[in-house]
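Beneath this line is the structure, given in structure tokens, with notes to follow.
For the numbers below, each heavy atom of this structure counts, side chains included, while hydrogens, waters and symmetry mates do not. In the text below, chain A, chain B and the rest are named by the order of the sequence lines, each starting its count at 1. The structure presented is a predicted model; accordingly, all values stated were derived computationally and were not measured.
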Amino acid sequence: MATIVGAATALSASKSFDSRKLHLPSRGSLSVSERKGSFLVVRSDGSVVHKAHRAQKLITNAVATKADSSAASTASKPGHELLLFEALREGLEEEMDRDPTVCVMGEDVGHYGGSYKVTKGLATKYGDLRVLDTPIAENSFTGMGIGAAMTGLRPIVEGMNMGFLLLAFNQISNNCGMLHYTSGGQFKIPIVIRGPGGVGRQLGAEHSQRLESYFQSIPGIQMVACSTPYNAKGLMKAAIRSENPVILFEHVLLYNLKERIPDEEYVCSLEEAEMVRPGEHVTILTYSRMRYHVMQAAKTLVNKGYDPEVIDIRSLKPFDLHTIGNSVKKTHRVLIVEECMRTGGIGASLTAAITENFNDYLDAPIICLSSQDVPTPYAGTLEEWTVVQPAQIVTAVEQLCQ
Amino acid sequence: MALCMRKSPKLINLLKYRMGLFDMITPCFWNSTSSHHQEFPVKAPIAHNLGNPDKDLSVKTTLFSACRFKSTKPEKQLNSLNDADDNKVLDFPGGKVRFSPKMTFISESPEERTQCYRVLDDNGQLILGSNLVQVGEELAVKMYTDMITLQTMDTLFYEAQRQGRISFYLTTIGEEAINIATAAALTADDHVFPQYREPGVLLWRGFTLQEFANQCFVNKADHGKGRQMPVHYGSNKHNYFTVSSTIATQLPHAVGAAYALKMDRKDACAVTYFGDGGSSEGDFHAALNFAAVLEAPVIFICRNNGWAISTPTSDQFRSDGVVVRGSAYGVQSIRVDGNDALAIYGAVHAARKMAITEHRPILIEALTYRVGHHSTSDDSTKYRPVDEIEWWKWARDPVTRFRKWIESKYWWSSEAESEFRSSVRQQLLHAIQVAEKAEKPPVADIFTDVYDVPPSNLHEQEKLLRETIRRHPRDYPSDVPA
């Protein structure tokens, strides 16, 4: 579940009050003093006594693939249940109510309600001008959003599919990320660029792009990826309130995830990672849809006696090295599971960042599981094998923990 | 700031339901400023939302299309077709259109090129029968003196680059009239999105010679904090958005700004400049299209100066210049003599009024000639004849032409000319001296403003850089404060 563990970096002042207190050890206890040595990882044969005991204790708290465990919700008010795309809409609507300069633009976002229904009903409520349907020219409506942002509005630009925003790369790189800097701070660009990306179900190569790998190098922008209805709403709100340009990555296959989220207002931090499942043996870093594959693998791993710590990094630029670092210092083994291609993906950068900063704490080389460097094939079976599957994750953990 | 639109939609929704869903005289809440859209077609074709799972599809799409097709002009025009002609009309999405059994192709170029609006002849005399906007003495003299200032600034800074004192410069020689006259016709509230050959607009608005010099010489006082190339000015105080080197990317920005102004109902418009080359970029087409669909108050000013670095317009497009493209996107357009300051002033003045009161974009193509090289990195004599350049420089100079006009009105004299020229030259030389001697931007400015607050990785990188500088001071410029 969403948790704001750890101090925020200085980037933005976010009001992240988390009403769901979790049954997790506090930050303090997970610190450097827990340097292990005593737990050697087990094989599937004997000597698993206290391991199994530990593992058993944690199964009850293990987060299922669908983020609706009972443990967290009993801690606060009942809240309300909704799907991820509705959570995004709720966040959007709340911000549009709160601030009249917030507006939406994109293809078919108006009366059609958006291809994934994230903006459904908003045009009727706020008018055609505030929820604007644009002609098909991604570069140009992104540019339009940038111009509007520089003139005092807070636009949210929706790419129908993230891949289409490749057309907007020029505006995003040369103007969006740059103009605050090159103008000497005179013009700011509080824009949010969002859209669904990632590999879906047989959408074809052009509609299965992972744009986070291409955008991660652009200075001046922030990137976040949501994975649950809770963090989707929180990140949407935080992104809108941020003074920096933020790219919010959603995933095509996660829009129908259901979860119970709090009734009261909350905002997630844009620069923090989410502790999904604390553990002791290995740190698994992931984001977006791969989080669910990892959690599925975690179930298997727990049955086999492993105790993985799963972190949803959420903040793709900049990385939350504080949370990640503390985890590495505790477990000394890192597995990165991503959907990006092998070359130049988020995993590649993360591997470099961890190696640079926490090399001394690593007991084994970092393993990074990514998609192959191929365009995503259409055929269902082939497509499945370009995406990292839980079985691969289990094997990797076993390999790492030898 | 933007008005809160919460109340009006509710009220209108209420009205809608009271008056019955099929009553077509319910206005759309966003289109309150267009007074000429009083009626709209009852039988608007419904071709959208075929996959819409909504139950009340027919109701919603009728309302939807009612709002959607409200502002389609051709539809409105053909409403006046009488019933007898009904069997000669087809109604596809987009409106009714007459059919014809004769196969005719529209010609790729008109028989006659679009005419060019000008009011002053080559000798600075008013052409008989011209309709123009009056310009008083004070305004005219300011326009002229700013043109001289621009010319002098260009000459001196260009020379400074040649002497190695600045790294880069590009001049506006030959286009002074466009720069100054357009600026004169706008107000300080209008948002300007320049390409890079429009420093005159900033000059008109009050950017000082010292500020220009600071930017070119890249010192600590530069508003851009030393981050952009020379000539890439920007000043939020003067509503002049920082120049970005990429061509035509500012056009959609201007549309976005116009959208913001429209939402806020401000008495101002967005103005953007680009060259003949810039009109080939995708952003040009989309921006014009958007502006037309949005009904945004934006003025697109094309400085068609004949050359895009070494590419002449004959290699850039095959249309009759840029002005004809306006009608392709549903944008009113005009072609103006770009070397005639009065004509430019008049056209922009009229365009601005139209843009703001009628909420529409306007395209202005100003024909002119790029007398200077593209920039200091270019030698245009390599691809065009020297005598062509010389002819435009001396015989068709816009500044001289305007001077002849103001002199004929006894608002200027040759004494005033020499006095002003030497004064402005002195001021510029002084500004250059001051700028050159001033402190350079500090190392800290490499890392600020990337975000609103520097994140930890940038703090780290700054520390690393400072350490490196400390360890190897001789490898780094000594005049940059650390």
Region of [X] in contact with chain B, defined by heavy-atom distances below 4.5 Å:
X        : answer
A:Glu243 : both
A:Met178 : neither
A:Phe141 : both
A:Asn175 : side chain

Next on the checklist: For B:Ala254, which atoms come within 4.5 Å of any heavy atom of chain A: side chain, backbone, both, or neither?
Outcome noted: neither
Checklist entry - Where does B:Thr246 contact chain A at under 4.5 Å (heavy atoms): side chain, backbone, both or neither? => result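 For B:Thr246, the contact with chain A is made by the side chain alone.
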Checklist entry - Does NZ or CZ of A:Lys120 come closer than 6.0 Å to the centre of the six-membered ring of A:Tyr112, within 45° of the ring's axis? => result no
Next on the checklist: I'd like to know if the side chain of A:Ser349 pairs up with that of A:Gln216 as donor and acceptor (distance under 3.5 Å, no hydrogens or angles considered).
Outcome noted: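 Present: a donor and an acceptor within the cut-off.
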Output all residues satisfying side-chain contact (heavy atoms from CB on, under 4.5 Å) with [X], sequence neighbours left out; order by chain, then residue number.
X        : result
A:Gln186 : A:Ser183, B:His223, B:Ser235, B:Asn236
A:Thr351 : A:Ile336, A:Thr355, A:Ile366, A:Cys368
A:Val131 : A:Met96, A:Val104, A:Val109, A:Leu122, A:Ala123, A:Tyr126

Checklist entry - Would you say the side-chain atoms of A:Arg130 pair up with the backbone N or O of A:Val102, donor to acceptor, closer than 3.5 Å? => result yes
Item to check | Aromatic ring pairing B:Phe241/B:Phe193, orientation class (parallel under 30°, perpendicular over 60°, tilted between) | outcome: parallel
Next on the checklist: B:Lys440 vs B:Asp445, test: salt bridge (Lys or Arg N to Asp or Glu O under 4.0 Å). Steps then yes/no.
Outcome noted: CA-CA 10 Å; B:Lys440 294 293 177 203; B:Asp445 275 350; over 6 Å; no
Next on the checklist: I need the contact set between residues 283-292 of chain B and chain A: heavy-atom distance under 4.5 Å, sorted by residue number.
Outcome noted: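 The stretch touches chain A at B:Asp283, B:Ala286, B:Asn289, B:Phe290.
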